[in-house]
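First up is the structure itself, then whatever we jot down about it.
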Amino acid sequence: MRTAHRSREVDTETRQTLAGTSGFAMNIGHCVAIPSFSKSIDKLIGMTLSGALDAFRLEAECLSRAAAGLSEEEWRLPTRCEPWTVRELLGHVRVVIAWLPGMLTAAEPAKAEVSAVDYYRPDDRFDVPTNTARIGVAQDYAAGLGSGAALVEDFTATWQLVDRQCRAEREDRVVRTRHGDAMLLSQFLLTRVVEIAVHGLDIADALGRPPWLTRQAGDVVMELQLGPDWRSAMRELGWDRLTFLRKATGRQRLESADAARVERLGMRWLTLA
């Protein structure tokens, strides 16, 4: 597993450019990088906008509840996503969600060109300078709040705002990401579900708590990586949702026998910065 470290300082102008006015669109943090072979827009995940929002809301609610009442000592615990602490990692999740309001007010692209699968293709959004800036943006945001309680309050207010705004949009709404991808809103929301689910697992592990992964978020990740016949694939693998999430995102070792099976099943490996 490759971990991106904050190898050098990023100037203030670069951070402000990345942060934008409403937040900073990111991918699944900076914990692991796996090659992606997705090429085309036809890899759409078959989920409606309301379905994507339900998965988003349920997983975000669980993370808000889990983070409420943490002690200052717990907020300072290290995570596997070095160099982020629990506090900084939740800050990162808030930042990646906060990009959505600005996307909704920006000009709408004529058509969607990128699916949730294609979103995770390898390019400069995962290179060292971008990851270094990504780390700094989350650290700066978390440091700017007075307490962990304030961070939980802001995170909760942010995802609730996003949920309300997105529910007012039509089913075929197209948005443009910070990286220039024209996507159906429903498809982009699936990437936010993955973000909350994967980093929720990282936070749970750092706290030494049982993970709170919801069925809906687990299903999103499985369909994203295994395709529409993901239920049959999961039966063949014999894994539960948590095992799949850990192995599919590099958080648990993939044994050679497992690797052969997922290759045969056509696993869509995602590029995760």
Rounded to the nearest 0.5 Å, what separates atom [atom1] in [X] from atom [atom2] in [Y]?
X	Y	atom1	atom2	answer
R251	L201	CZ	CG	6.5 Å
R80	L89	CZ	CG	10.0 Å
M103	F188	CE	CZ	4.0 Å
L53	L189	CG	CG	5.0 Å
T249	L254	OG1	CG	11.0 Å
R94	T158	CZ	OG1	4.0 Å

What's the shortest heavy-atom distance between [X] and [Y], and which atoms?
X	Y	answer
P101	L161	CG-CD2, 4.2 Å
A66	R209	O-NH1, 3.1 Å
G200	L63	CA-CD1, 4.4 Å
I135	W84	O-NE1, 3.2 Å
A197	E59	CA-OE2, 3.7 Å
T156	S64	OG1-OG, 2.8 Å

Using modelled atom types only, decide if a donor and an acceptor are shared between the side chain of [X] and the backbone of [Y] within a distance under 3.5 Å.
X	Y	result
E223	P228	no
E88	A138	no
E171	L49	yes
T130	D124	yes
S186	A52	no
E195	V93	no

May I ask you to check whether over 12 heavy atoms, not counting those of [X], lie within 6.0 Å of atom [atom1]?
X	atom1	answer
E263	CD	no
R253	CZ	no
E153	CD	no
E72	CD	yes

Please assess T243 against R246 for the test side-chain hydrogen bond (donor to acceptor under 3.5 Å, both in side chains), listing each intermediate value before the final yes or no. CA-CA 5 Å; T243 300; R246 291 182 185 281; over 6 Å; no

Same cluster or not: L58 versus L100, using hydrophobic residues (I, L, V, M, F, W, Y) connected whenever any side-chain heavy atoms lie under 4.5 Å apart?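 No, L58 and L100 fall in different hydrophobic clusters.
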
In terms of hydrophobic clusters joined by side-chain contacts under 4.5 Å, are F155 and L145 together?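 Linked within one cluster.
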
Pairwise side-chain contact, [X] with [Y], heavy-atom cut-off 4.5 Å (strictly under):
X	Y	value
T177	M183	yes
R264	R261	yes
V194	Y119	no
V152	L70	no
V220	F56	no
I203	W212	yes
R268	Y120	no

I'd like to know if [X] and [Y] make a salt bridge, using a cut-off of under 4.0 Å between side-chain N and carboxylate O.
X	Y	answer
R167	D54	yes
D219	R241	yes
D118	R121	no

R192 and W159: side chain to side chain contact (heavy atoms under 4.5 Å, CB included), yes or no, with the steps? CA-CA 10 Å; R192 303 306 89 180; W159 72 253; over 6 Å; no

C166/L104 under side chain to side chain contact (heavy atoms under 4.5 Å, CB included): CA gap, chis, key distance, verdict: CA-CA 8 Å; C166 290; L104 294 174; 4.1 Å; yes

Could you go through K247 and M267, starting from their C-alpha distance and side-chain angles, then the distance that decides it, and tell me whether this counts as side chain to side chain contact (heavy atoms under 4.5 Å, CB included)? CA-CA 12 Å; K247 292 191 175 187; M267 173 88 87; over 6 Å; no

Apply the test side chain to side chain contact (heavy atoms under 4.5 Å, CB included) to residues E61 and R57: give CA-CA distance (whole Å), side-chain angles for both, the deciding distance (0.1 Å), then the verdict. CA-CA 6 Å; E61 282 178 341; R57 175 179 53 80; 3.6 Å; yes

Aromatic ring pairing F244/W239, orientation class (parallel under 30°, perpendicular over 60°, tilted between): tilted

Check L190, T191, L224 against V117 for a side chain to side chain contact (heavy atoms under 4.5 Å, CB included) and give me the one that passes.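 In the set L190, T191, L224, the residue that makes a side chain to side chain contact (heavy atoms under 4.5 Å, CB included) with V117 is L224.
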
Would T85 and R87 satisfy side-chain hydrogen bond (donor to acceptor under 3.5 Å, both in side chains), going step by step from the backbone distance to the final call? CA-CA 5 Å; T85 61; R87 178 171 176 160; over 6 Å; no

Please evaluate residues S115 and Q187 with respect to the criterion side-chain hydrogen bond (donor to acceptor under 3.5 Å, both in side chains), reporting the C-alpha separation (whole Å), side-chain torsions for both, the decisive distance (0.1 Å), and the verdict. CA-CA 6 Å; S115 71; Q187 292 289 297; 4.8 Å; no

